[in-house]
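This is the structure I have questions about; it appears just below.
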Amino acid sequence: MLRMTGENRGARAPLLECGSGEYSHNHKTLAPRCCFWLASHVNVRKCVAGVMLLSVLTILFYSYYVTIPLTSLVWRDRIPRPLTQCSLLASQQQAARDHRSDARLRIDAKVLVIVESAYSRLGRDIAELLVANRIRYKIEVAGKSLPVLTTLDKGRYGVIVFESLSKYANMDKWNRELLDKYCREYSVGVVGFATPSEETLVGAQLKGFPLFMHTNLRLKDATLNAASPVLRLARAGETAWGALPGDHWSVFRANSSTYEPIAWALREHDYETDGERMPLATVIQDHGRLDGVQRVLFGSGLQFWLHRLLFLDALSYLSHGQLSLSLDRWILVDIDDIFVGEKGTRLHEEDVAALLTSQAALQRLVPGFRFNLGYSAKYYHHGTPTENLGDDALLKHREYFNWFCHMWNHQQPHLYNNVSQLEAEMMLNKQFALEHGIPTNSCYSVSPHHSGVYPVHEPLYEAWRKVWDVKVTSTEEYPHLRPARLRRGFRHRGVMVLPRQTCGLFTHTLLLERYPGGRHRLDRSIQGGELFQTVINNPINVFMTHMSNYGNDRLALYTFESVVKFLRCWTNVRLASAPPLALAEKYFQLRPDELNPLWGNPCDDIRHRRIWSKSKWCGTLPRLLVIGPQKTGSTALYTFLAMHPTLKPNLPSPSTYEELQFFNNNNYLKGLDWYLNFFPPSLTNNSQITFEKSATYFDGDLVPRRAHALLPNAKIIAILISPSKRAYSWYQHIRSHGDPIANNYTFHTIITANDSAPKQLRDLRNRCLNPGKYSHYLERWLSEYSVHQLHVIDGSMLRSEPAVVMNTLQKFLKISPHIDYNKLLKYDPKKGFFCQVVGGEKTKCLGKSKGRVYPPMEERSAKFLRRYYTPHNTALSKLLVRVGRPVPHWLKDELSANG
């Protein structure tokens, strides 16, 4: 051991002086002197008093400085620094590859995923990633034969993904040759995943390939091959240090130049030789030089975050850019409730300074970035004196931030049923903004707790428009909070609603050491986890944060600076920011299909019930829909259903009478409140079931999906008659209502119009003929509702034997009491159909427009329609047999007549 010299020891500052004597330079006499001094001055009573005093001081210190909400001093010296420094400088970054091809491709931008079972974990992960990135796909469970791969001369899929690489390699010869031929002819690539197995393989050859595998390995330290042409979203140059998730990794060793590694990793061992430090290929590309089929093979599933990037890149590369994702990512960070918070959790002046410093740092990486501050002005200056100075600092630097309005008192808007009250609250906030120079023209607002945005509270939208001219808002509740990958946007009352994302920070996440799951969980979200994947999967990200995340340990600054740097290190995404209105316009340019909302039932989601007005109801929503089509007897069925004491129809519409036509026209955009007004709580008692009939629902393109979103448990009733008779009856119906086109052309001219005919004539032809393609529209309904929810009525029997039809329908609906319609209906010879019995022998029939007698159809028109509808009737017959429904008599007759 080295000994310190006396000179060196003397150079150290004294740590403790005992009594008033001079400090001795002789360390050998220091300890005895201290002990002698302590022994002569301290007794037991003093020791006990000292311990008690120390305990009290410790408790007071903890209570004042550590316990929330008085956590304003101790954490400020241990605020975490942002993670990640790239080893590759920005000037060294390579431009992202463009996978698009000039070749004329004959494939659809769609992925076929072949899984081992419908419940496999990897298959679910693949589907979730495709959904999150809006990539169209189809799942097929591996079977004895391949699904249909072509439609006429076009390939149905641009990439084929096999959940199990082993299943792919061991396909029978016939299917394998068929698949390879499809891939070569249409330039389609294959992705395969090596799945875990109990058997450990060492250098085993993959059947049919000059490729050898070693399985069930534990790996670490992943890197990417910068020369790989597959990389586009992912960027090489960094190392993902540490153990890779799982202990069932497979690695590849090739014996042909057709293979090129995309990713490597090292084998994880406690003791390693130089040979074991050789990088092992975990993801490999087959250039297709041997058999003309390009492939990307993965040595593990998607649990490793880097594989998610590589999978998206593989889809882009193998589809020749048809499945490429844009590299542009837009980020907006909202700071909700900038003045709302308990004392001890609010911002100080130095926190505001740190906010500005962090914003400047982010602006260098994210052009246009500014924090977006929301305020409820009632809580301005509601902190400690030091925190009130923080409020003042925010206003002093107000021009450096973007601002948006909350409610004045941070109250939830759904608690207000009076628009005037909401306007008054908003005006208080606006007055504060004007007095303090806060901009009021952002056209953006966020509702406290997302109340009133979705489920929609109409007074909120009206007050927003009047006071703030709001054009944009955001929520995490549409259609539901979880899963986040399914969040969407919509537009209502002229307000664009953007999907809002969470970043793992909430009002209670103040200190890093108290973060739920610990710092490791937050860092994992940043470094390839949930937050990182959120930015990757969403071209436009609106993040929700809270004021308390910027004071205390300043976790939001740590989080966003870290994730932006991590994205820069590992990806080629181009980050940028813009004000909310610009982002909303860009979002709906990218997602125009989301402009129209899809209303759900607020009572089916506990979170939605909490932010829905207590004055509203959903218990009377219809549980039965009569969907038509038109001119098949739907009005008669509506009348018969209304006779049953258990069934209650909607209130009539002033314009469309008994038909609400909610799901298939502009009424839908009026919102759920408009629809609910036709089913008020007073309409029924607890034992009754409401129903609705709109004959245009049957062939409405959007109707099945909209109806299922709101009424997923409803029973669906369709009425089918001869499509030829239906078309002729519809033509005569619109003629009687004065349609100018129908009155100017004969029925035969309309149904035989070709594609060169005037547009008005073609449109009328389609409206006349298309609803009769029954199987096509029933398939659409069955894609949303189960077979057990659908009941098909023979319309000819409804006219000739309505009591029989209604008795069968009561059984299907399982309603009681079971009533005998033979006693309620009577044939009226004048009308030519059955009418309701009222008062003995009298009957009450439908209006004059029902039961009209038309001139007979021309034979040439009847012959044309028989030929036209034969394939559709055949498809209908097969569909009804498949779903276990009886084939109507008229359908049997028409199919028999045609041969």
Side-chain angles (χ1 to χ4, degrees), residues 627-637 695-701 718-737 739-781 792-800 832-833 849-881 885-899:
I627 62 174
Q630 286 181 296
K631 307 310 295 179
T632 59
S634 59
T635 303
L637 179 61
T696 54
Y697 285 170
F698 180 80
D699 55 313
D701 290 341
I719 312 165
L720 306 182
I721 66 171
S722 165
S724 301
K725 293 180 180 179
R726 194 218 69 82
Y728 186 63
S729 178
W730 183 85
Y731 166 76
Q732 295 291 352
H733 171 74
I734 61 170
R735 272 178 60 90
S736 67
H737 283 74
D739 185 281
I741 307 300
N743 284 322
N744 287 333
Y745 292 96
T746 66
F747 178 62
H748 190 76
T749 302
I750 291 172
I751 63 175
T752 58
N754 57 35
D755 290 341
S756 62
K759 184 179 184 303
Q760 290 180 321
L761 185 57
R762 284 183 281 121
D763 290 344
L764 194 65
R765 174 201 63 189
N766 294 337
R767 290 170 58 202
C768 182
L769 296 179
N770 285 350
K773 301 173 183 178
Y774 296 145
S775 63
H776 172 75
Y777 295 109
L778 286 176
E779 290 281 16
R780 185 178 290 170
W781 280 94
V792 178
I793 290 177
D794 182 343
S796 61
M797 281 193 67
L798 180 64
R799 185 182 182 96
S800 61
F833 50 76
S849 64
K850 306 299 180 181
R852 286 196 183 101
V853 178
Y854 303 123
M857 189 191 311
E858 292 181 275
E859 180 56 33
R860 60 175 183 163
S861 297
K863 188 175 180 179
F864 173 83
L865 290 176
R866 280 196 298 270
R867 288 197 309 270
Y868 181 86
Y869 281 120
T870 292
H872 302 291
N873 285 343
T874 302
L876 175 62
S877 176
K878 291 179 179 179
L879 170 63
L880 294 174
V881 171
R885 296 292 184 269
V887 178
H889 293 297
W890 64 261
L891 181 56
K892 292 178 182 178
D893 293 342
E894 293 201 0
L895 291 175
S896 299
N898 292 326

- Item | Minimal non-hydrogen separation, Leu865 against Ser724, with atom names | CB-OG, 3.3 Å
- Item | Nearest heavy-atom neighbours spanning Phe698 and Pro771 | CE2-O, 3.6 Å
- Message: Can you tell me if Glu779 has over 12 outside heavy atoms packed within less than 6.0 Å of its CD?
- Response: yes
- Between Arg767 and Asp763, is there a salt bridge with N-O shorter than 4.0 Å? no
- Query: Out of curiosity, Ile721 CD1 to Leu891 CG, how far, rounded to the nearest 0.5 Å?
  - Reply: 12.5 Å
- Message: Quick check: do Tyr728 and Pro856 have side-chain heavy atoms less than 4.5 Å from each other?
- Response: no
- Note on the structure: CD (Gln760) and OH (Tyr745) are apart, to the nearest 0.5 Å, by 8.0 Å
- Query: Got a sec, which pairs hit salt bridge (charged side-chain N to carboxylate O under 4.0 Å, His left out) with one end in residues 721-735, sequence neighbours left out?
  - Reply: none
- Message: What verdict does the side-chain contact (heavy atoms from CB on, under 4.5 Å) test give for His733 and Asp739, after you've listed the backbone C-alpha separation in whole Å, the side-chain angles of each residue and the deciding distance to 0.1 Å?
- Response: CA-CA 9 Å; His733 171 74; Asp739 185 281; over 6 Å; no
- Arg780 bridged to Asp699 by N-O distance under 4.0 Å: no
- Note on the structure: d(Ile751 CD1, Ser861 OG) to nearest 0.5 Å is 4.0 Å
- Item | Heavy-atom side-chain proximity of Phe747 to Glu858 below 4.5 angstrom | no
- Message: I'd like to check Leu769 versus Ile750 (side-chain heavy atoms, cut-off strictly below 4.5 Å). Are they in contact?
- Response: no
- Task: Any chance you could measure Gln732, atom CD, to Ser729, atom OG, to the nearest 0.5 Å?
- Result: 8.0 Å
- Query: Quick one: side-chain hydrogen bond (donor to acceptor under 3.5 Å, both in side chains) partners of Trp781, sequence neighbours excluded?
  - Reply: none
- salt bridge (charged side-chain N to carboxylate O under 4.0 Å, His left out) between Arg885 and Asp794: does it pass, once the steps are laid out? CA-CA 11 Å; Arg885 296 292 184 269; Asp794 182 343; over 6 Å; no
- Query: Is there a donor-acceptor pair closer than 3.5 Å between any side-chain N or O of Asp893 and the backbone N or O of Ser896?
  - Reply: no
- Message: Quick one, Pro629 and Tyr774 - any side-chain contact, counting heavy atoms below 4.5 Å?
- Response: yes
- Task: Starting at CZ of Phe833, measure out to CG of Leu798 and round the result to the nearest 0.5 Å.
- Result: 11.0 Å
- Full working for side-chain contact (heavy atoms from CB on, under 4.5 Å) between Tyr777 and Asn770: CA-CA 9 Å; Tyr777 295 109; Asn770 285 350; 3.6 Å; yes
- Message: Holding to side-chain hydrogen bond (donor to acceptor under 3.5 Å, both in side chains), I want the full list of residues that pass it with Thr749, two or more places apart in sequence or in another chain.
- Response: Thr746
- Message: Just so I know, are the side chains of Tyr868 and Lys773 near enough to count as touching, which here means a heavy-atom distance under 4.5 Å?
- Response: yes
- For Pro886 and Leu880, which heavy atoms make the closest approach, and how far apart are they? O-CD1, 4.0 Å
- From CA spacing to verdict: side-chain contact (heavy atoms from CB on, under 4.5 Å), Leu876, Leu720: CA-CA 10 Å; Leu876 175 62; Leu720 306 182; 4.1 Å; yes
- Message: If you compare all heavy atoms of Tyr869 against all heavy atoms of Ala727, which two are closest, and at what distance to 0.1 Å?
- Response: OH-CB, 4.3 Å
- Do Thr752 and Arg860 touch side chain to side chain, with heavy atoms closer than 4.5 Å? no
- Does any N or O in the side chain of Ser877 come within less than 3.5 Å of the main-chain N or O of Asn873, such that one atom is a donor and the other an acceptor? no
- Min side-chain heavy-atom separation Met797-His889 under 4.5 Å: yes
- Distance (rounded to the nearest 0.5 Å) between Ile627 CD1 and Ile719 CD1: 9.0 Å
- Is Glu894 close to Pro723 at the side-chain level, that is, under 4.5 Å between some pair of heavy atoms? yes
